[in-house]
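Below: the structure, in structure tokens.
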Amino acid sequence: MIKKPLDLSHEFLAEVLDANSTALDATMGNGHDTIFLARLAKDVYAFDIQEEAVMQTKKRLQEAGLTNVQLILDGHEHLDRYLDSINAAIFNLGYLPKTDKSITTKPATTLQALQKALDCLQIGGRVALMVYHGHRGGAEEKDAVLTFVKSLPQTQYSTMLYQPLNQINTPPFLIMIEKLK
Ligand SMILES: C[S@@+](CC[C@H](N)C(=O)[O-])C[C@H]1O[C@@H](n2cnc3c(N)ncnc32)[C@H](O)[C@@H]1O
């Protein structure tokens, strides 16, 4: 079966993660991506602005017996206060399913965090952005992220878009970035 964007995002990052690497989950939410990264990397830094997300992820990590994650209750736009080198990062934009839909990622802070993640990214490192954009403010964030990624110099970054073309409503899509030098 054809790969879903979220599955491809994980495969894309898994290729650059190993027992020596550091990964960033910029939007921890319920911790699904955090757990995926923690199984592959040496260290993971996971951010969210909602205490509920941190509690939920902490519980999942404990159940999975994973102890290599720093759970950070702070905006991803401050990630440079906590880390300076990563091999891979994932952003899962939008709101936390089944909670307050008004607490979403926002264009300005998402772009700040993305720029900081790229600044910390090792050569050969990768960033995956899952762009959910059906909610209020989602279209503006989608446009801001696409404009930002399209403006990255092609000599320094390779970028790709993976998107369903015939699905109704506003299906999420995947942006992939690799740092070349
Ligand atoms: C789509 S959900 C993430 C889903 C998550 N990756 C998972 O596996 O469950 C987006 C998350 O981003 C969080 N968020 C919003 N603004 C943020 C910010 N400035 N910094 C970090 N997280 C933020 C929300 O609280 C929400 O939990």
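Remember, it's 1-based here, ligands and their atoms both numbered in the order they're listed.
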Can you say whether the rings of His76 and Phe91 are parallel (under 30°), tilted (30 to 60°) or perpendicular (over 60°)?
tilted
Using a 4.0 Å heavy-atom cut-off, which part of [X] comes near ligand 1: side chain, backbone, both, or neither?
| X | value |
| --- | --- |
| Thr110 | neither |
| Thr34 | neither |
| Met28 | backbone |
| Ala113 | neither |

Give me the residue, atom name and distance of the protein heavy atom closest to [atom].
| atom | answer |
| --- | --- |
| atom 16 (N) of ligand 1 | Ile49 CD1, 3.4 Å |
| atom 19 (N) of ligand 1 | Glu77 OE1, 3.0 Å |
| atom 9 (O) of ligand 1 | Asn30 N, 2.8 Å |
| atom 10 (C) of ligand 1 | Asn92 O, 3.3 Å |

Closest approach of Gly94 to His135 (non-hydrogen atoms, all atoms of both residues):
CA-CE1, 3.5 Å
For residues Tyr82 and Tyr45, report the shortest heavy-atom separation together with the two atoms involved.
O-CE2, 3.7 Å
Could you check which of Glu51, Glu52, His76 puts a non-hydrogen atom nearest to atom 21 (C) of ligand 1?
His76
Filtering Asp74, Asp48, Thr27 for the heavy atom nearest atom 13 (C) of ligand 1 leaves Asp48
I'd like to know whether the aromatic ring centres of Tyr162 and Phe12 sit less than 6.0 Å apart in this structure.
no
Would you confirm whether [X], through its side chain, and [Y], through its main-chain N or O, come within 3.5 Å as a donor-acceptor pair?
| X | Y | result |
| --- | --- | --- |
| Asn92 | Thr27 | no |
| His133 | Pro171 | yes |
| Asn87 | Leu17 | no |
| Lys116 | His78 | no |

Can a non-hydrogen atom of Thr99 be found less than 4.0 Å from any atom of ligand 1?
no
To the nearest 0.5 Å, tell me how far Arg60 CZ sits from Leu66 CG.
12.5 Å
How long is the span from the CG atom in Leu111 to the CD atom in Glu141, to the nearest 0.5 Å?
8.0 Å
Flag yes if Leu37 and Ile35 sit in one hydrophobic cluster, no otherwise; membership is Ile, Leu, Val, Met, Phe, Trp, Tyr, and two members link when side-chain heavy atoms are under 4.5 Å apart.
yes
Considering distance alone, does some N or O of [X] sit under 3.5 Å from an N or O of ligand 1?
| X | result |
| --- | --- |
| Tyr95 | no |
| Thr109 | no |
| Tyr132 | no |

Taking 4.0 angstrom as the limit and counting only heavy atoms of [X], give me the atoms of ligand 1 inside it, by number and element.
| X | result |
| --- | --- |
| Gly94 | 10 (C) |
| Gly75 | 18 (C), 19 (N), 20 (N) |
| Thr104 | 15 (C), 16 (N) |
| Leu93 | 1 (C) |
| Ala26 | 21 (C), 22 (N) |

So with a 6.0 Å cut-off around CD of Glu51, is the heavy-atom count from everything else above 12?
no
